[in-house]
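Okay, structure first, notes after.
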Protein chains: 2
Amino acid sequence: MPESHTQPARFPVTVDVVALTVRNDALHVLLITRLIEPFRGMLALPGGFVLAGEDLATAASRELAEETGVGRVPGHLEQLASYGPKGRDPRGDVLTVAHLLLAPDFPVLSAGSDAEHVAWYPVSHVLDGELQLAFDHERIFADALERARSKLEYSPLGAAFCGEEFTIAQLRAVYEAVWGTRLDPRNFHRKATGTPGFLEETGRTTAGDAGRPAALFRLAREARMSIGQPARAVLNPPLMRPRE
Amino acid sequence: MPESHTQPARFPVTVDVVALTVRNDALHVLLITRLIEPFRGMLALPGGFVLAGEDLATAASRELAEETGVGRVPGHLEQLASYGPKGRDPRGDVLTVAHLLLAPDFPVLSAGSDAEHVAWYPVSHVLDGELQLAFDHERIFADALERARSKLEYSPLGAAFCGEEFTIAQLRAVYEAVWGTRLDPRNFHRKATGTPGFLEETGRTTAGDAGRPAALFRLAREARMSIGQPARAVLNPPLMRPRE
DNA sequence: GGGATTTATCGTCATCTTGACAATAAATCC
DNA sequence: GGATTTATTGTCAAGATGACGATAAATCCC
């Protein structure tokens, strides 16, 4: 971090969060409706300024909590990438550090501190252009989606979309929603249960649904530990891979 | 990017670069010796402040060029992650966006604009604690190394360490240096030449070295295109994987 | 000059993984 | 109480991988 001879500039820094969840078998992203200029009335990623004395992860979860009205945001939050500062905000150079949240479906309260409307939207509507995002958020969203898709291959993070306990079928639904593919239930079952250190049987089963009851699993200790660690394929061979 | 009610803070933003290369079969990292406080006399990653109106990638390659005295820095530069701004610089909150450079061995001129001493150091000396780095640069370095290692598995980026043309053995030496493993030459050859869209024969061969002359290859067009794109294992099945 | 040495390249084979899909198990639905 | 639905276990062929033998084509060394 050597000094340049030129005057160092100071930039406003924001965090933006691409929060993803799976709702009735479709991937959804959390978006707010902007109430102020610029891009007033448009959809955007939740986020906001990093405050003095605050860290990036802190700022991201604080903003997320504020804007969703949720006490503690569930799921797995990780940094995605930084964008800018040049030419991405009409008001001036702003650096943003984008984050990715993979979370179980949780209800959002539209009474955030900024009184912006917050809601889950199907990612398909963003991808096909039906929904347009402010700033460079469409690019950030695309990068986040790509990251989420590749994360599922080599990390146990698919389970971040599920609750504490889940069935193999629920887990498979996550993979199918994120990847947009169909997976063979039998091969998926073999791989999920056959991967050492991934799943742990709870001993309990579902009841009340149609069909044979399914065994309930939770993430094994090893898998919980490995979350947050960077995943090398060698150490964590592919958990699963999309077809086609 | 909605506004928070609190006063948005402005931060100095720096870029730091973890530049890696392979020199006589060992992985090396580019480090500078700091001539000013804080951490005067210590080793650190090259980098510097992002200037007004500048983008992150621009700032990173500018700083790298300035500090190495090289006109155009060779190799592949990509963003790694951001750190801070809290408590990583004794002078105050500074956000840094770390970058990763994978480059063929190139000579560095120690007459950079900041007159800091720049040189390649074996990464092993950093890993075993023989060399200590200023700020949080050791953590950034560790993250960069991990990223580089995983990049080799699913992208053609190993070739970024080689020149325009290279032999399979040179490419293998890269993988061995980065992963710190030994790879079977025969299986490596099979995999490297057998992966569609990876290598392209130039038709020419080496001469003068000991042993049978080796065929010279270059990256295939598809592989060059895919650099910079995020790599999904499915789309790009593992090029290679470490043993053990 | 010519065998020893070195490095590159091609093959072989057993093992593991994967994809396709049959068959059985255990619940609900009607 | 059988039809239906979903979960789970197996089977099998094809492809990928790791270990390693054998050959090719240079230089090295005396």
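Letters A, B, ... mirror the listed sequences (proteins, then strands); counts begin at 1. Being a predicted model, the structure only gives us computed values, none of them experimental.
The ring-ring contact (aromatic ring centres under 6.0 Å, His included) search around Tyr175(B) returns Trp179(B), Phe188(B), not counting sequence neighbours. Partners of Tyr121(A) by ring-ring contact (aromatic ring centres under 6.0 Å, His included), not counting sequence neighbours: none found. By the side chain to side chain contact (heavy atoms under 4.5 Å, CB included) test, Pro185(A) pairs with Arg172(A), sequence neighbours left out.
dA7(D) atom P lies 14 Å from atom CZ of Phe166(A), rounded to whole Å. For Leu183(A) and dA7(D), the CG to P distance is 14 Å, given to the nearest whole Å. Rounding to whole angstrom units, CZ of residue Arg182(B) and C1' of dG18(D) are separated by 17 Å. We find that CZ of Phe188(B) is positioned 15 Å from C1' of dT7(C), with the value rounded to whole Å. As a whole-Å value, the separation of Leu216(A) CG from dT8(D) P is 9 Å. One can place CG of Asp184(B) at 17 Å from P of dT12(C), the figure rounded to the nearest angstrom.
Residues Arg182(A) and Glu176(A) are paired through a salt bridge, judged by an N-O separation under 4.0 Å between the basic side chain and the carboxylate. Taking the charged nitrogens against the carboxylate oxygens, Glu78(A) and Arg147(A) do have a contact shorter than 4.0 Å, which makes a salt bridge. Salt bridge status for Glu165(B) with Arg204(B): present, with a side-chain N to carboxylate O gap under 4.0 Å.
Looking at Arg190(B), its side chain has no donor and acceptor atom pair within 3.5 Å of the base of dG11(C). The base of dA19(D) sits within donor-acceptor range of the side chain of Asn187(B), with an N or O pair under 3.5 Å.
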Where do N or O atoms of nucleotides 2-6 of chain D meet protein N or O atoms at under 3.5 Å, pair by pair?
from	atom 1	to	atom 2	distance (Å)
dT6(D)	O2	Arg212(A)	N	3.3

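Under the side-chain contact (heavy atoms from CB on, under 4.5 Å) test applied with Glu130(A), the options Val126(A), Asp128(A), Leu127(A) reduce to a single match, Asp128(A).
Between Lys191(A) and dT17(C), a side-chain N or O to OP1/OP2 separation shorter than 4.0 Å is absent. Note on His189(A): every side-chain N or O is 4.0 Å or more away from OP1 and OP2 of dA7(D).
Proximity of a side-chain donor or acceptor of Thr206(A) to a complementary backbone N or O of Ala214(A) within less than 3.5 Å is detected. Distance alone, capped at 3.5 Å, is enough to place a donor-acceptor pair between the Ser155(A) side chain and the Leu157(A) backbone. The backbone N or O of Asn187(B) sits less than 3.5 Å from a side-chain atom of Asp184(B), completing a donor-acceptor pair. Side chain of His137(A) to backbone of Leu45(A): a donor-acceptor contact under 3.5 angstrom is found.
If you check dA8(C), dT9(C), dT18(C) against the side chain of Ile168(B), the one that comes closest is dT9(C). When each of dT17(D), dA7(D), dA22(D) is scored by its nearest atom to the side-chain atoms of Arg186(B), the top-ranked nucleotide is dA22(D).
In summary, the side chains of Asp105(B) and Thr21(B) do not present any donor paired with an acceptor at a separation below 3.5 Å, with no hydrogens or angles considered.
Taking every heavy atom of residues 197-208 of chain B and every atom of DNA chain D, no pair lies under 4.0 Å.
Helical stems involving DNA chain C, defined as 3 or more consecutive Watson-Crick or G-U pairs under 3.5 Å, span C:1-30 with D:1-30.
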